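This report concerns only the one structure given below.
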Protein chains: 2
Amino acid sequence: MNASTTIKAPFDRDKQFAAKRRAVILSAASAFRRRGYHNTSMVDIAKTLGLTKAALYYYVRNKEEILFESHLMAYESMEEILKSPRAGKNGLEDLENVFRDFVSLLTQSGVSLLTDVDSLSEKSQGVILARRANIEKRVIRLVELGHKDGSIRRADPRLQVFFFMGALNWLNAWFDSEGRLKGDDIANHFVEQLRSGITADYRRDE
Amino acid sequence: MNASTTIKAPFDRDKQFAAKRRAVILSAASAFRRRGYHNTSMVDIAKTLGLTKAALYYYVRNKEEILFESHLMAYESMEEILKSPRAGKNGLEDLENVFRDFVSLLTQSGVSLLTDVDSLSEKSQGVILARRANIEKRVIRLVELGHKDGSIRRADPRLQVFFFMGALNWLNAWFDSEGRLKGDDIANHFVEQLRSGITADYRRDE
DNA sequence: AATAAATTTGACTCAAGGTTCAAATTTTAT
DNA sequence: ATAAAATTTGAACCTTGAGTCAAATTTATT
């Protein structure tokens with residue numbers, strides 16, 4: 001087993017380190033989501049991990065880096081969803097699938113969608129906003145696809161996207177304070193409302 | 001004109017003071033909305049008003065009070081909208097009117113809907129959250145009204161409301177960085193999407 | 001013009017919290 | 001068992017920004 005340890009050891013180390021670093025960020029991100037970045041101190045973060053403030057600096061350069069990585073983690077997950085095929089029979093269904101996965105991600109995986117971009121340095125801000133813009137653009141493309149194949153009503157795609165992306169971001173404010181709701185139920189409900197709104201009847205327009 | 005000044009003077013004073021105080025809060029609220037509460041210093045607020053930090057304390061007790069009043073101002077405007085009759089011919093139309101007014105308020109009046117409740121003292125937090133809950137409850141009632149009169153599809157009214165209230169809060173993140181959009185256009189678009197979602201065709205469900 | 005009241009300011013205090021670092025502790029390798 | 005590397009800590013430092021206050025300035029009153 002010596003052979004295996006000497007070979008696996010350094011690999012394990014890096015993995016352990018990466019895992020712990022990830023734990024730090026996930027835990028912090030969750031706190032940021034609930035209480036906000038500036039209302040969460042490094043001591044808070046350390047305590048919930050059973051560590052000391054100073055120990056955090058073994059895993060991250062500074063507090064801002066945690067915020068940066070938190071944002072990144074969420075966006076990477078969302079990009080992952082956008083990459084996966086899961087194609088329906090038209091643009092609308094594709095969009096529904098993506099949106100459902102977004103909601104499930106945010107209600108079940110522990111990944112947090114944050115909004116505080118202004119607490120980042122100018123540089124990081126640029127990276128994060130670009131990332132977000134990229135995701136938005138891809139979602140907008142899905143909508144435009146739906147326009148073309150006739151599955152989605154024609155209108156300013158940008159506005160259409162902003163409207164329902166708001167529902168995702170607003171989740172932070174109320175989800176899990178309403179513990180009785182299952183993530184999947186929310187996802188299904190939201191998809192339905194994304195598609196058909198709230199009207200009961202069939203008439204288009206006035 | 002002496003007679004008028006002696007009579008009007010004390011009244012004018014209070015009015016001027018109140019007006020200036022209001023200006024402080026509105027200006028600060030706008031900055032809070034764009035940059036966030038903690039990324040806006042008292043010096044920042046003072047500077048945009050052509051004042052000194054110390055002068056602000058002539059108008060408010062402390063920074064938190066500004067945040068509190070900012071929240072309050074938005075919620076009062078929203079309650080105002082909810083109070084006004086403007087009744088349509090069913091629950092859905094009532095809701096549409098309210099929602100349209102909400103969007104117009106937030107895109108045109110300078111009133112800002114903030115989300116940072118955690119930076120308030122426990123006491124103020126209670127007041128603000130109660131206020132918000134009250135507004136939500138009234139909107140939920142409108143939805144339930146629509147359920148009863150058959151104008152709104154039956155589903156968990158809470159979830160229905162959370163979905164489209166998200167669109168309001170998300171406005172902060174993108175509106176006025178997209179300067180070319182008129183507030184009324186957004187309001188109309190959003191009402192349409194609130195009602196009918198984005199699907200192009202008439203079929204209900206699958 | 002003189003006085004009083006209202007408003008604003010500069011200079012200061014103070015606390016909170018992010019960051020550093022040398023030393024202590026724990027874990028791994030030989 | 002011992003040395004080396006990795007991890008954690010306590011005790012500081014340091015910056016930022018909120019809040020205070022007596023004095024200065026501006027505005028209103030007689």
Side-chain angles (χ1 to χ4, degrees), chain A residues 1-25 27-28 31-32 35-70 116 118-121 124, chain B residues 1-24 27-28 31-32 35-69 116 118-121 124:
Chain A
M1 68 163 73
N2 253 354
S4 80
T5 35
T6 40
I7 291 173
K8 219 182 271 177
F11 182 68
D12 238 33
R13 269 291 163 67
D14 290 358
K15 236 179 133 179
Q16 299 253 334
F17 179 89
K20 195 137 190 189
R21 190 184 129 97
R22 190 182 160 82
V24 166
I25 292 164
S27 164
F32 292 167
R35 270 169 271 144
Y37 178 67
H38 288 283
N39 299 314
T40 307
S41 71
M42 292 298 271
V43 174
D44 291 337
I45 298 171
K47 260 189 195 156
T48 64
L49 291 162
L51 284 179
T52 284
K53 178 168 63 156
L56 295 178
Y57 288 86
Y58 185 68
Y59 296 99
V60 299
R61 196 188 318 281
N62 53 36
K63 192 185 177 189
E64 193 206 310
E65 184 173 282
I66 303 183
L67 180 61
F68 180 77
E69 298 277 10
S70 300
D116 189 347
D118 296 83
S119 299
L120 294 168
S121 72
S124 309
Chain B
M1 66 164 76
N2 253 354
S4 80
T5 34
T6 41
I7 291 174
K8 219 182 272 176
F11 181 68
D12 240 30
R13 271 289 164 66
D14 290 359
K15 237 179 131 176
Q16 300 253 335
F17 179 89
K20 196 137 190 190
R21 190 184 129 97
R22 190 182 160 82
V24 166
S27 165
F32 292 167
R35 270 170 271 144
Y37 178 66
H38 288 283
N39 299 315
T40 306
S41 71
M42 292 297 272
V43 174
D44 291 335
I45 298 171
K47 260 188 194 155
T48 64
L49 291 162
L51 284 178
T52 284
K53 173 170 70 156
L56 295 179
Y57 288 86
Y58 185 68
Y59 296 99
V60 298
R61 196 188 319 280
N62 52 38
K63 192 185 178 188
E64 194 206 309
E65 184 173 282
I66 302 183
L67 181 61
F68 180 76
E69 298 277 10
D116 189 346
D118 296 84
S119 300
L120 293 168
S121 72
S124 308

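Every value quoted in this text rests on a predicted model; they were computed, and no experiment measured them. Proteins get letters first, then strands, A, B, ... in listed order; numbering begins at 1 in each.
- Checked by atom type, the side-chain pair A:His38/A:Ser119 shows a donor-acceptor distance below 3.5 Å.
- For A:Tyr58, the ring pair (Phe, Tyr, Trp, His ring centres under 6.0 Å) partners at least two apart in sequence or on another chain are A:Phe17.
- Under the salt bridge (Lys or Arg N to Asp or Glu O under 4.0 Å) criterion, B:Glu65 pairs with B:Arg21, B:Arg61, not counting sequence neighbours.
- Taking atom CG of A:Leu51 as the reference point, atom C1' of D:dG10 lies 15 Å away to the nearest angstrom.
- When the side-chain nitrogen and oxygen atoms of A:Tyr58 are compared with OP1 and OP2 of D:dT7, one or more of them lie within a distance under 4.0 Å.
- Spacing between atom CG of B:Asn62 and atom P of C:dT13 amounts to 22 Å, rounded to whole angstrom units.
- Distances shown here put every side-chain N or O of B:Lys20 at or beyond 4.0 Å from the OP1 or OP2 atom of C:dA6.
- Mapping A:Tyr37 and B:Tyr59 onto DNA chain C via the closest heavy atom, the residue that lands nearer the 5' end is B:Tyr59.
- Put simply, B:Tyr57 has no side-chain N or O that comes within less than 4.0 Å of OP1 or OP2 on D:dC21.
- In this structure, the CG atom of A:Leu56 is 13 Å from the P atom of D:dG10, given to the nearest Å.
- The side-chain hydrogen bond (donor to acceptor under 3.5 Å, both in side chains) check on B:Ser27 picks up B:Thr48, with sequence neighbours excluded.
- Listed by chain and number, the residues in a side chain to side chain contact (heavy atoms under 4.5 Å, CB included) with A:Ser124 are A:Glu64, A:Phe68, A:Leu120, A:Ser121 (sequence neighbours excluded).
- Residue A:Ile66 contributes atom CD1, which lies 11 Å from atom C1' of C:dG18 at whole-angstrom precision.
- Between the side chain of A:Lys20 and the main chain of A:Tyr59, no donor-acceptor pair closer than 3.5 Å is present.
- Atom CD of B:Glu64 is separated from atom C1' of C:dA16 by 16 Å (rounded to the nearest Å).
- Rounded to whole Å, the distance from NZ on A:Lys15 to P on C:dT27 is 20 Å.
- Atom pair A:Asn39:CG and C:dA16:P shows a separation of 15 Å (rounding to whole Å applied).
- Residue pairs that meet the salt bridge (Lys or Arg N to Asp or Glu O under 4.0 Å) test with at least one member in residues 44-58 of chain A, sequence neighbours left out, are A:Arg35-A:Asp44.
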Contact state string [nucleotides 11-17 of chain D, B base, S sugar-phosphate only, - no protein heavy atom under 4.0 Å]:
-------
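- When rounded to the nearest whole Å, the span between CD of B:Gln16 and C1' of C:dA6 equals 11 Å.
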